[in-house]
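Have a look at the structure below before the remarks.
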Amino acid sequence: MDITVLFFGQLAELAATNETVFQSVIDTDALKIQLHQKYPQFADSSFIIAVNKILTDQNTPLFNGATVALLPPFSGG
Amino acid sequence: MDITVLFFGQLAELAATNETVFQSVIDTDALKIQLHQKYPQFADSSFIIAVNKILTDQNTPLFNGATVALLPPFSGG
Amino acid sequence: MAEKSVKNIFTQGAIEPVFISDSIAKHSSKTNIGAHSIFLGQVRKDVIDGKDVVAIDYTTYEEMALEKMHEIREAVFAKYPLACMHIRHSLGKVDAGKICLFVFTSSAHRKVAIEACEEVVEKIKAELPVWGKEIFEDDTHQWKENK
Amino acid sequence: MAEKSVKNIFTQGAIEPVFISDSIAKHSSKTNIGAHSIFLGQVRKDVIDGKDVVAIDYTTYEEMALEKMHEIREAVFAKYPLACMHIRHSLGKVDAGKICLFVFTSSAHRKVAIEACEEVVEKIKAELPVWGKEIFEDDTHQWKENK
């Protein structure tokens, strides 16, 4: 089971990449734990999560092939 | 004593001139009466009056050299 | 009354889009600006009693209009922390589809620019001694009234 | 979701004033329009901790941003009787003094054009996944946050 994780803005900078793949994460809560283990530099960063481009603010199950985007506060315009 | 009267918009069209001179009118109420005598075609027209470019909605004394403008409803922009 | 700072706002005929882009471009050196708000009035081809409006012919009491615009400008600058304000209004004939009014406000932040622009537009419509004569396709006309 | 009508809104680098005037000029054949409202975002040379911001570098989650913009567009068209709406947002580096956002709404009457424009600007600021990196004169940077 592959979950693609996309990083944007400051998180892409902190992760030093735009994208990575996680395996065997059943939901977004589990993903967050793994993210903070793999990227301790995210500790001070706030972000919201989109699963397949839909924003979610609660724990969301993940399936093979899901794309999870980590979105820091927006600053367009 | 000369009072210059300026016509604008529809009133200029109805009067067939942009400007005329009245003599011996002591105030704007007296002027209105003379205007309606001289230009009966103004009967259905609404307008406000500016004396030396200052709008006035009450009777205002007129002095030699005053300029009175008859302003139909504005429609700029 | 600071007569010397009374600026002309009138242009003969339509306001060309390139005048607007030139005006925008001039602000690139004002790097304290973060937001511009622009309002443009365009002559509508209204259908009145079955006849198309093909143009509006604008006239004004110029001396009074410029003094009034000066007052409006001063009042809006006193109320809002604006960086700039530019106004153009057409006189004479403007064909349907062409621009007859240009109001352009700039500020550090968007709220100020947007609110000031709207306020200036409303004041121009309500307070400037300007008259529009709607000209129909058959050369008849009627006098416009602002709502 | 009507995928086929999702329009691009992104432009590499600054939005040039001539793009804006071309966009305005294209509306002269739409003679049902009486009012245009335009908002422009311009990159400010803010001073932060004693250093000048010389540019903002914009990135986006493009696929999601275009879908979100499509939703915003549909919602605003459903709410207001607009004739048109055009949006451009910069990506990549935009120097201080240059235009990074162009929102352009048109309607028969001014209130609709003005309110719709403001609403679109607010939604873009709040809802579009776009990030601005403020670049300082010494090549350091910080990540912008919208207020």
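All values below were derived from every heavy atom in this structure, side-chain atoms included, with hydrogens, water molecules and symmetry-related copies excluded. Below, chains carry the letters A, B, ... as their sequence lines are ordered, and counting in each starts from 1.
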Quick one: CG on C/D95 to OG on D/S28, what's the gap to the nearest 0.5 Å? 10.0 Å
Crowding at CD, C/E63 (>12 non-hydrogen neighbours, <6.0 Å): no
Between C/V53 and chain D, which part of the residue has a heavy atom less than 4.5 Å away: side chain, backbone, both or neither? neither
Given C/S106, C/A113, C/A108, the one with more heavy-atom pairs under 4.5 angstrom with chain D than any other is C/A108
Let me know if C/I20 has heavy atoms under 4.5 Å from chain D in its side chain, its backbone, both or neither. side chain
How about C/K51: does its NZ atom have over 12 heavy atoms from other parts shown lying under 6.0 Å from it? yes
Heavy atoms from other residues, nucleotides or ligands near CG of D/D49 exceed 12 (cutoff 6.0 Å): no
Shortest non-hydrogen contact from C/S21 to D/S21? OG-OG, 3.1 Å
Give the member of C/F39, C/F104, C/F19 that has the highest number of heavy-atom pairs under 4.5 Å with chain D. C/F39
If you measure only the distance, is there a donor-acceptor pair under 3.5 Å linking the side chains of C/H36 and D/Q42? yes
Counting C-beta onward and ignoring hydrogens, is there a side-chain heavy-atom pair between C/E122 and D/K111 closer than 4.5 Å? yes
For the backbone of D/G41 and the side chain of C/R110, can you confirm whether one donor and one acceptor N or O come within less than 3.5 Å of each other? no
Hey, which of C/I24, C/N32, C/I33, C/I99 has the most heavy atom pairs under 4.5 Å with chain D? C/I33
Go through the atoms of C/S29 and report whether side chain, backbone, both or neither lie under 4.5 Å from a heavy atom of chain D. neither
Could you tell me the separation between the OG atom of D/S37 and the CG atom of C/L40, rounded to the nearest 0.5 Å? 8.5 Å
Among the listed options D/T31, D/V18, D/V43, the residue most often paired with chain C at heavy-atom distances under 4.5 Å: D/T31
Decide if atom NZ of D/K93 counts as having more than 12 heavy atoms of other residues, nucleotides or ligands within a radius under 6.0 Å. no
Toward chain D, the part of C/A14 with a non-hydrogen atom under 4.5 Å: neither
Would you say the side chain of D/H109 lies within less than 4.5 Å of the side chain of C/R44, judging by non-hydrogen atoms? yes
Can you tell me if D/K98 has over 12 outside heavy atoms packed within less than 6.0 Å of its NZ? no
Most contact-rich option vs chain C, by heavy-atom pairs under 4.5 angstrom, among D/G97, D/A25, D/A96, is D/G97
